[in-house]
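Heavy-atom basis, side chains included; hydrogens, waters and symmetry copies ignored.
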Protein chains: 2
Amino acid sequence: MTTTEQHSRRRGRPPTGGREAILEAALVVLREQGIANLTSREVAARAGVSDASVYYHFHDRAGLLAAIFESGMKPLLVMGEQAGGPNGPLDVLERATASLEQFFDEVLPIMHAAQSDPELKEAVARYVELKDLGPHKGVAILGSYLRAQQEAGVLAPGFDPDAVALLVIDMSFARAVRQQMHLAGEERLPSREALLDQIWRLIQPA
Amino acid sequence: MTTTEQHSRRRGRPPTGGREAILEAALVVLREQGIANLTSREVAARAGVSDASVYYHFHDRAGLLAAIFESGMKPLLVMGEQAGGPNGPLDVLERATASLEQFFDEVLPIMHAAQSDPELKEAVARYVELKDLGPHKGVAILGSYLRAQQEAGVLAPGFDPDAVALLVIDMSFARAVRQQMHLAGEERLPSREALLDQIWRLIQPA
DNA sequence: GTCTATAGGTTGATAGAC
DNA sequence: GTCTATCAACCTATAGAC
């Protein structure tokens with residue numbers, strides 16, 4: 001514990017953690033209020049700092065948004081570690097969809113915000129290209145796992161591993177979107193289990 | 001032809017079509033600039049009318065947004081007519097995905113805009129509930145078709161029609177989103193044909 | 001129904017003290 | 001690094017003439 005906690009200014013927050021506080025608050029505001037209400041004032045108030053602090057740390061609004069985006073996209077960078085578990089394909093599929101949904105749930109507010117402003121949209125596209133993120137990454141991870149299992153004879157020989165992987169990703173993505181829109185009639189839709197059942201029918205060995 | 005076309009004020013537009021002009025312009029602005037730049041001034045300028053006209057027709061910004069939303073969602077109301085074509089299931093599937101993608105392509109800007117503002121988000125949710133739109137509608141249409149073909153023996157007996165329908169819808173939705181984000185690496189992803197191939201493997205008769 | 005003009009409020013961004 | 005105070009720009013919305 002090297003943090004000096006002698007004068008508790010706010011509540012357990014380091015005295016000079018302004019930048020992180022602002023970034024955190026901005027992410028919260030973005031998720032709760034949407035980008036329409038993401039103003040420097042609102043963020044500053046939530047972070048418990050002054051309005052000018054925001055501009056000191058991020059120069060301008062675009063800089064703040066870029067930082068939010070980069071911070072909010074981090075879940076993507078740490079993905080793809082639990083693909084090679086010791087469990088069977090069905091278990092892997094279930095765990096993959098679960099973490100995919102959670103991931104999309106975190107990133108979706110940023111995606112939505114990006115689509116509401118052409119400048120942000122292009123920034124996101126460039127960032128994704130630069131870091132080589134994007135759907136093909138997920139397809140590569142999940143697809144190669146499926147292909148390995150297929151070649152090992154654990155799964156059926158006929159299916160296209162990458163295509164099935166993309167189907168699973170798309171299904172998780174759409175589910176996350178529906179969940180965040182919380183539309184009525186969600187309960188009338190086929191469940192995740194029902195969807196995974198069909199995928200399983202597709203890849204299970206004869 | 002009852003429209004009086006004696007004095008061409010703009011170009012083939014009725015002299016008193018202000019409301020429609022504004023609505024059209026608003027949709028264009030929303031698609032091109034995103035909701036971040038959707039101001040009464042911008043819309044009015046594009047429509048070739050005054051700023052005040054917008055408020056005359058739609059009372060306030062919320063009224064304009066509601067009208068945009070209702071107008072932009074119309075593609076949903078006229079959906080589901082070409083499902084019962086005389087063609088085979090594979091053809092129906094291809095045509096369904098094509099029109100689904102086009103539909104999502106039209107509605108997506110509005111969905112994104114709605115997600116960027118909590119008030120709009122709730123308005124959308126209520127509207128979808130009121131008009132009984134939503135994914136379950138598409139599932140019902142495509143699913144019942146698949147079920148009919150299945151019971152007629154044209155398709156395999158084992159699959160879940162509704163679940164497969166939702167898979168197809170989710171896949172089309174995700175494809176439309178990717179297309180609008182125009183991320184790099186799209187060409188490395190499995191094509192629509194590759195995805196439909198897997199669906200076909202799922203439902204084809206033995 | 002459409003315009004001009006403008007009031008009133010909010011926001012992004014800066015200056016300068018501490 | 002953080003604050004207060006402030007400005008200029010922009011936006012929503014209204015008033016009133018035509």
### Query
Separation of A/Ile22 atom CD1 from C/dA13 atom P, in whole Å?
14 Å

## Note on the structure
For residues 57-72 of chain A, the salt bridge (Lys or Arg N to Asp or Glu O under 4.0 Å) pairs (sequence neighbours left out) are none

### Query
Tell me: NE2 of A/His59 to P of C/dA13, nearest whole Å?
8 Å

Could you list all N or O pairs between the protein and nucleotides 10-12 of chain C that sit under 3.5 Å apart?
unit_1	atom_1	unit_2	atom_2	d
C/dG12	OP1	A/Arg61	NH1	3.3
C/dG12	OP2	A/Ser40	N	3.0
C/dG12	OP2	A/Ser40	OG	3.0
C/dG12	N7	A/Arg41	NH1	3.1
C/dG12	O6	A/Arg41	NH2	3.4

### Message
Distance check needed: D/dA13 C1' versus B/Leu64 CG, whole Å only.
### Response
13 Å

### Query
Quantified as the angle between the terminal helix axes (five pairs each), what is the overall bend of the helix from C/dG1-D/dC18 to C/dC18-D/dG1 to 10 degrees?
0°

### Query
Within this structure, what is the CZ-to-P distance between B/Phe58 and D/dT12, rounded to whole angstrom?
14 Å

### Message
Does anything in residues 118-128 of chain B form a side chain to side chain donor-acceptor pair (under 3.5 Å)? List the pairs, not counting sequence neighbours.
### Response
none

### Query
OP1 or OP2 of D/dT2 sitting under 4.0 Å from any side-chain N/O of A/His57?
yes

## Note on the structure
B/Asp117 CG to D/dC11 P, in whole Å, measures 17 Å

### Atom-to-atom span, CD of A/Glu42 to C1' of C/dG9 - whole angstrom
16 Å

### Query
Which residue pairs pass the ring-ring contact (aromatic ring centres under 6.0 Å, His included) test when at least one of the two sits in residues 177-197 of chain A, sequence neighbours left out?
none

### Task
May I have all residue pairs that pass salt bridge (Lys or Arg N to Asp or Glu O under 4.0 Å) and include part of residues 133-149 of chain A, sequence neighbours excluded?
A/Arg147-A/Asp162

